[in-house]
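In what follows, chains carry the letters A, B, and so on, assigned in the order in which the sequence lines appear, proteins first and then strands, with residues in each chain numbered from 1.
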Amino acid sequence: MFVTVLFALLFYVATAIFLVGLGMRIARYARTPAPLKIPTTPAPTTRRGVVVRMGTEVLLFNSLFKANKWIWLFGFMFHVALALVLLRHLRYFLDPVPTWVVLIQPFGMYAAFAMVIGLAGLWVRRLFVERIRYISSPSDHLMLALLLGIALTGLSMTYLWHTDILAVKLFFTGLMRFELNPLPTQPMLLLHLFLVASLMVIFPFSKLLHAPGVFFSPTRNQVDNPREKRHVANVKWMIAVEKPAASADQ
Amino acid sequence: MANFETPELQETVEIPALKQDVMSHSRPFVAKEQFQAPLGFPGELADDWKDVAITKLGELLKTNRALQVFMDSCVKCGACTDKCHYFLGTSDPRNMPVARQDLLRNVYRRYYTLPGKYFPKLVGATDLTEEVLDQWYSYFHQCSECRRCSVYCPYGIDTAEITMATRDIMNAVGKGQKYSNEIIGKVFKIGNNLGLPQPALEDTLLGLEEDVKDDTGIDVRFPLDEKGAEVLVVTPSADFFAEPHIDGLIGYAKVFHAAGISWTLSSHASEAANFGLFIGSNENMKKIAMRIREAALDLGVKRIIFGECGHAWRVAYSYLNTLAGPFDFLDPRYPVPQHICEFTHDLIQRRVITLDKSRNDHRRVTFHDSCNVARASRMGDMPGGQFVIPREVIKAACNHFYDMAPETIGEATFCCGGGGGLLTDDLLELRVKGALPRMSALKQVVEEHEVTHMAAICAICKSQFSKVLPYYGFQMDQIISVHQLVSDAIVLDGQQ
Ligand code: SF4
Ligand code: SF4
């Protein structure tokens, strides 16, 4: 019971920090003005074009692909696998389980391996490519360790030490209705859940902010139309200096 | 020559092994009080400079979304680490874009993020100290704000934005750069970067009219401050007397002459470049940009056209409408502003002007995409028009054109090594080393296609290459203006 209460609290707190922290950060990005037009050109000249550009960045990592095939390969592998694994995990939270979640189930299982390979590849590069080692701080290594820890503990439950998955599901669906159901105390499970909660807490304060950040990046999300449409933002320096009246202007 | 070694030219871009601190000595002269004051900056570090700097950083984070997002989003993936020409040319790891950003980011983390406040070591956060300020001064003056790194970053993080912000902070605490700030002062006082006053400008232009007359037998005009002209031409002041820039200016004049379109230069806005961009000072950038609006109104022109200048074209194309617009008093049939290449290109297409390519047959030409034209602006109405239009103009003016390797042109173009406020002799070592990737690419087309000339559309590129070409065994006059090719090829009625 102690463990159940502890983890229930942990997940409530972690979820709150994650949602509030991330929400505040996103609000900050949205509120901060982008005073000038700075898309990295060539850039799309229409909104629709920007949606396509953003799509290729977020779904295919287009710029990264141009930059470095190895980083792209491992990074892409990790992110796609992570997405699959996360979607697969929906079955522990949704009742009844939607068909599409059932359908991706087998892929999700392999994805966990892809995730490990991707993370390992990134870490090897971080350790052995001189340039990347140079720019890494301890937190960059720890982040990889944390993600790898989550993936490995998860895998170990699939293949080595099975856990009572139905009880786990009851625990989480219960949490969503503010009910307490006992959580199995299998160590791998507890470690897995603890690491996941840690990741949620760290998220809004770390480089994981790249996830919302990319959508707000002016070099990627601005339309290239400064001559056609006058871009204005509410910043002091822009409105402070009076401009001389134009004959046709006023 | 100077006390450094010119790097060896390479077959392809090679990624060097890191050599920590090899460029930490490189820093431009600091601006004295007299150059700081006209821009509204303090003359020297005050006792409370740290607080001023941290507060300024906070302000910038609140007023520039790019800075806030870029500070948070970098995942240290390393994709940008081998993309900067200054890193490739110097091997100094702090010239890797992400490492340059980190000089500011580490301070940001320390003062503006929770982990940085409580676990600075863990996330690499650092206190702002005089040593850090020195590093800023050194390495944020080893970035030409060329945006090459921003092309490759998965989040579009543009180190140029971070360089500008940091230079703005340094100016706010009284550690400005002499070169840029002195020049901005001249623009405010006299109207252009070179401090060329109206009478001198008039003389120069009259001299040019005589030269062209001697050369061609035709009265091609170089009008100054002529009210009622159709077009105001704003061009970098180097075009008035520096080589090879001046041949470009002669080219513009001939194009206007041949097309029969009246034009004028302005002594009030006798400078296209806007160094406010370089120092990240939006206030100054706006003030400088306003001169162009004032001149346009005063002279009653209908169109504004910019001469060949890279960072100037960025400010003109991307910012002018924001900074000094709206321009609804100009002829709405033309974009405001237009690039001289757009103008000439259109005239060629419509056969208003005729070019005789064979007059350039003694030249085999390649084209250097200037960084800020390539990655911070556009020409024409198609994305990428900034690559197509100048090449079309060149190809219409000469028979032999060869592009450099694809990974060194277009959006991947390498900066000349002198952009973004670094075109000063106190940074010569940096400029020579930073030119390595471009020089290597040039060498390749020289060997493969016997290229004799490299054309460019940027005043900084032209000056920089004139200076550094000899270091790499080329001739300084191998760099030419695109409109010099036009000038030599254009067929004028009654020409001798
Ligand atoms: S490419 Fe972007 S995210 Fe990657 S290290 Fe460089 S700045 Fe950071
Ligand atoms: S903007 Fe250009 S000079 Fe500056 S760090 Fe990026 S690549 Fe280097």
Side-chain angles (χ1 to χ4, degrees), chain A residues 25 28-29 32-38 40-45 49 57 61 63-64 66-68 71 75 125 129-132 134-140 142 205-207 209-210 213-214 216-220 224 226-228 230-232 235-238 240-241 243-244 246-249, chain B residues 17-18 62-66 68-69 72-82 93 96 98-99 102 113-115 121-124 147 150-156 158 161 282-283 286-287 290 293-294 297 317-319 321-322 324-326 328-329 335-336 375-378 383-384 386 411:
Chain A
R25 216 61 200 165
R28 180 176 244 260
Y29 296 157
T32 310
L36 295 166
K37 279 278 188 167
I38 57 166
T40 307
T41 58
T45 52
E57 287 301 340
F61 302 3
S63 296
L64 186 59
K66 279 191 234 171
N68 188 307
I71 307 178
R125 287 187 59 82
V129 176
E130 193 189 19
R131 283 171 289 126
I132 307 185
Y134 180 88
I135 58 167
S136 304
S137 47
S139 58
D140 297 312
L142 282 178
F205 308 99
S206 68
K207 65 177 184 178
L209 286 170
H210 68 278
V214 61
F216 289 94
S217 177
T219 57
R220 293 291 182 268
D224 176 23
R227 290 193 291 192
E228 293 79 7
R230 182 162 186 246
H231 174 81
V232 274
V235 280
K236 199 171 66 203
W237 61 264
M238 204 182 277
V241 195
K243 61 167 174 282
S247 41
D249 201 24
Chain B
L18 309 186
K62 281 208 196 84
T63 51
N64 182 355
R65 181 188 297 162
Q68 177 65 66
V69 170
D72 284 344
S73 297
C74 174
V75 297
K76 311 295 166 83
C77 70
C80 62
T81 51
D82 56 350
M96 301 190 293
V98 41
D102 276 352
T113 69
L114 282 183
K121 286 249 164 57
L122 188 69
V123 294
R147 314 192 91 197
S150 85
V151 170
Y152 298 101
C153 173
Y155 319 110
D158 180 8
E161 286 294 315
N282 292 326
E283 287 88 349
K286 183 176 168 91
K287 253 168 90 182
M290 278 323 257
R293 180 189 181 86
E294 289 151 12
L297 282 169
Y317 171 84
S318 293
Y319 304 166
N321 202 1
T322 297
D328 41 13
F329 56 93
V336 184
R375 291 183 285 257
S377 79
R378 173 162 54 100
Q386 66 270 39
E411 70 169 359

For the residue pair A:Phe61 and B:Pro154, establish whether any side-chain heavy-atom pair is separated by less than 4.5 Å.
-> no
Answer yes or no: is there a side-chain heavy-atom contact under 4.5 Å between B:Asn321 and A:Lys37?
-> no
When you look at NZ of A:Lys66, are more than 12 heavy atoms from neighbouring residues, nucleotides or ligands closer to it than 6.0 Å?
-> yes
B:Arg65 and A:Thr32: which non-hydrogen atoms are nearest, and at how many Å?
-> NE-O, 3.0 Å
So OG of B:Ser73 and OH of A:Tyr29: to nearest 0.5 Å the spacing works out to 5.0 Å
Hey, does A:Pro226 have a side-chain heavy atom less than 4.5 Å from the side chain of B:Tyr319?
-> no
Under 4.5 Å, counting heavy-atom pairs only, tell me which of B:Val75, B:Asp82, B:Thr81 racks up the most with chain A.
-> B:Val75
Give the intermediate values and the outcome of side-chain hydrogen bond (donor to acceptor under 3.5 Å, both in side chains) for residues A:Asp224 and B:Tyr317.
-> CA-CA 10 Å; A:Asp224 176 23; B:Tyr317 171 84; 2.6 Å; yes
Name of the residue among A:Lys207, A:Arg25, A:His210 meeting side-chain hydrogen bond (donor to acceptor under 3.5 Å, both in side chains) with B:Asp72 = A:Arg25
Using a 4.5 Å cut-off on heavy atoms from C-beta on, say whether the side chain of B:Leu122 contacts that of A:Leu142.
-> yes
Over all atoms of both residues, closest heavy-atom pair of B:Leu18 and A:Glu130 = N-OE1, 3.3 Å
Selection from B:Gly78, B:Gly156, B:Pro335 maximising heavy-atom pairs under 4.5 Å formed with chain A = B:Gly156
To the nearest 0.5 Å, how far apart are NZ in B:Lys76 and CG in A:Asp140?
-> 5.5 Å
side-chain hydrogen bond (donor to acceptor under 3.5 Å, both in side chains) between A:Thr219 and B:Ser150: does it pass, once the steps are laid out?
-> CA-CA 8 Å; A:Thr219 57; B:Ser150 85; 5.6 Å; no
Could you tell me the separation between the CD atom of B:Gln68 and the CZ atom of A:Arg28, rounded to the nearest 0.5 Å?
-> 4.5 Å
What part of A:Arg125 gets closer than 4.5 Å to chain B, counting heavy atoms only: side chain, backbone, both or neither?
-> neither
Is there side-chain contact between A:Pro42 and B:Glu411, with heavy atoms separated by less than 4.5 Å?
-> yes
Under a 4.5 Å heavy-atom cut-off, does chain A meet the side chain of B:Pro93, its backbone, both or neither?
-> both
Which portion of B:Ala376 sits near chain A, non-hydrogen atoms under 4.5 angstrom = backbone
Name the region of B:Cys153, side chain, backbone, both or neither, that has any atom closer than 4.5 Å to a heavy atom of chain A.
-> backbone
Separation between CG (B:Asp158) and CZ (A:Arg220), nearest 0.5 Å, reads 9.0 Å
Chain A shares the most heavy-atom pairs under 4.5 Å, among B:Ser377, B:Ala17, B:Ala99, B:Cys74, with B:Ser377
Under the 3.5 angstrom rule, does the side chain of A:Ser63 hit a backbone N or O of B:Tyr152 as a donor-acceptor pair?
-> no
Relative to chain B, which of A:Val214, A:Leu209, A:Ile132, A:Ile135 shows the most heavy atom pairs under 4.5 Å?
-> A:Ile135
Heavy-atom proximity to chain A below 4.5 Å, by part of B:Leu114 | side chain
Output the option from B:Thr113, B:Val336, B:Asn282 having the highest count of non-hydrogen pairs under 4.5 Å with chain A.
-> B:Asn282
Answer yes or no: is there a donor N or O on one side and an acceptor on the other, between the side chain of A:Thr40 and the main chain of B:Val151, under 3.5 Å?
-> no
Kindly say whether A:Leu36 contributes a backbone atom to a donor-acceptor pair with the side chain of B:Thr322 at under 3.5 angstrom?
-> no
Minimum side-chain heavy-atom gap B:Arg147-A:Thr41 below 4.5 Å | no
Ranking B:Cys77, B:Pro115, B:Cys80 by heavy-atom pairs under 4.5 Å to chain A gives rank one to B:Cys77
Sort A:Glu57 into side chain, backbone, both or neither according to what part of it lies under 4.5 angstrom from a heavy atom of chain B.
-> side chain
Are B:Asn64 and A:Pro35 close enough that some pair of their side-chain heavy atoms sits under 4.5 Å apart?
-> yes
